[in-house]
Number of protein chains: 2
Amino acid sequence: MFNEIDLKILNILQENARTSNADLARAVDLAPSAVLERVRKLERRGVITGYAAHLSPPAVGLSLTAFTFVRVEEAVGATDTGRLLADLPGVLEVHYTAGAAAYLVKVRVADTAALAGLLREMGRIESVRDTNTTIVLETVKETAALPLNHHS
Amino acid sequence: MFNEIDLKILNILQENARTSNADLARAVDLAPSAVLERVRKLERRGVITGYAAHLSPPAVGLSLTAFTFVRVEEAVGATDTGRLLADLPGVLEVHYTAGAAAYLVKVRVADTAALAGLLREMGRIESVRDTNTTIVLETVKETAALPLNHHS
DNA sequence: CATGAAAGTCATCACGA
DNA sequence: TCGTGATGACTTTCATG
């Protein structure tokens, strides 16, 4: 699906999304206009889904990370509960998981009090049976950068 | 720590990291030079940690997401095992968790065969006692954008 | 798909209020 | 901290190979 030039562009943009088009062009040794078209095409094809600044959670007052399993009673395949969970403030990720009908929810909040409040909100959702939370003590690695290989 | 102008800048950049400085300036109604200095300051203070292009995992051949709990036998507080886990290809996140001495590892791979291979790699690490994997069927929400409030 | 030229726009810096 | 103004670089489009 990609040639090596596309891969190089994707890797550079994963590392620094604010790399200028001119710098990209120099890196892959193409004219800026050619690079611009490649990037646009990658965006249009849905390969690049967006560009995000990443902030330091503690720096913005979100010092507590946790993962919560939310067991639900809902028809298999339905994700209505998931969407309700996703809308709660502090919920960054909601994954519907195999096995026990449950969502795995990644949460970032200020402190344990805020976590307690968030769990209470989750419990208020009708279809939620119970929750099981694991608090993160230390994040060793956290990236959104995907490993790209040549036969992608 | 932040005033409303900084918050607005941070929110815009979380949404689109490639927003030009000139557009930022128009959005917050300041001169470009003033905005540039604010952004630089936010970077230097460690509030903004980077800018990343986000790719569609299936579009690059990574269609399987999973979370693996890795129980370890290692001194409390040590994260050597965590770093070894972090270096495995396909491992996006490694969190050391409270409770049972364990890491919660977020993984993205091509398919179940690749997952099996990755789990085998994990098992090869000496300090790893066992692993427990939950496969994601559907990701309802997945963002790195942090909710910012005015008393951050 | 890539190039190169042209027009408009932007990034960046020094300076002053 | 901010605005102004200058300059060199960049972005983007388009005609063309």
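Since we're looking at a predicted model, the values are computed, not measured. Sequence lines set the chain letters: A, B, ... in the order given, protein chains first and strands last, and positions in each chain run from 1. The basis for the numbers below is simple: all heavy atoms, side chains too, and nothing from hydrogens, waters or symmetry mates.
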Measure from [atom1] on [X] to [atom2] on [N] and round the result to the nearest Å.
{"X": "A/I5", "N": "C/dC1", "atom1": "CD1", "atom2": "P", "answer": "11 Å"}
{"X": "B/L30", "N": "D/dT1", "atom1": "CG", "atom2": "P", "answer": "12 Å"}
{"X": "A/E37", "N": "D/dT13", "atom1": "CD", "atom2": "P", "answer": "11 Å"}
{"X": "A/N21", "N": "C/dG8", "atom1": "CG", "atom2": "C1'", "answer": "16 Å"}
{"X": "B/R45", "N": "D/dT1", "atom1": "CZ", "atom2": "C1'", "answer": "14 Å"}
{"X": "B/L36", "N": "C/dT12", "atom1": "CG", "atom2": "C1'", "answer": "7 Å"}

Using the closest heavy atom to pick a nucleotide of DNA chain C for each, name whichever of B/D23 or A/P32 lands nearer the 5' end.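 Closest to the 5' end, via its nearest nucleotide, is A/P32.
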Any side-chain N or O of A/R18 under 4.0 Å from OP1/OP2 of C/dC10?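 No, because none of the side-chain N or O atoms of A/R18 sits under 4.0 Å from OP1 or OP2 of C/dC10.
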OP1 or OP2 of D/dT11 versus the side-chain N and O atoms of A/R40: is any pair under 4.0 Å?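 For A/R40, the contact criterion (side-chain N or O under 4.0 Å from OP1 or OP2 of D/dT11) is not met.
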Students often get this wrong, so: under 4.0 angstrom with heavy atoms, is [X] touching a base, only sugar-phosphate, or nothing?
{"X": "B/S33", "value": "base"}
{"X": "B/A31", "value": "base"}
{"X": "A/A34", "value": "base"}

Do B/T81 and B/S127 meet the criterion of a side-chain donor-acceptor pair at a distance under 3.5 Å?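 Result is yes, a qualifying pair exists.
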With no hydrogens and no angle check, do the side chains of B/R18 and A/N21 hold a donor and an acceptor under 3.5 Å apart?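 Side-chain D/A pair, B/R18 to A/N21: absent.
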Considering only [options], which nucleotide approaches the side chain of [X] most closely?
{"X": "B/S20", "options": "C/dA2, D/dT12, C/dC10", "answer": "C/dC10"}
{"X": "B/R26", "options": "C/dC1, C/dC10, C/dA11", "answer": "C/dC10"}
{"X": "B/R38", "options": "D/dC2, D/dT12, C/dA2", "answer": "D/dC2"}

Once rounded to the nearest 0.5 Å, what's the spacing between atom CG of A/L88 and atom CZ of A/R120?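 The CZ atom of A/R120 is 12.5 Å from CG of A/L88, to the nearest 0.5 Å.
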Assert yes or no for the condition that the ring centre distance of A/H95 to A/Y103 is strictly below 6.0 Å.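 No; A/Y103 has its ring centre 6.0 Å or more from that of A/H95.
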May I have the step-by-step check of side-chain contact (heavy atoms from CB on, under 4.5 Å) for A/R71 and A/V128, ending in yes or no? CA-CA 6 Å; A/R71 284 206 304 163; A/V128 169; over 6 Å; no
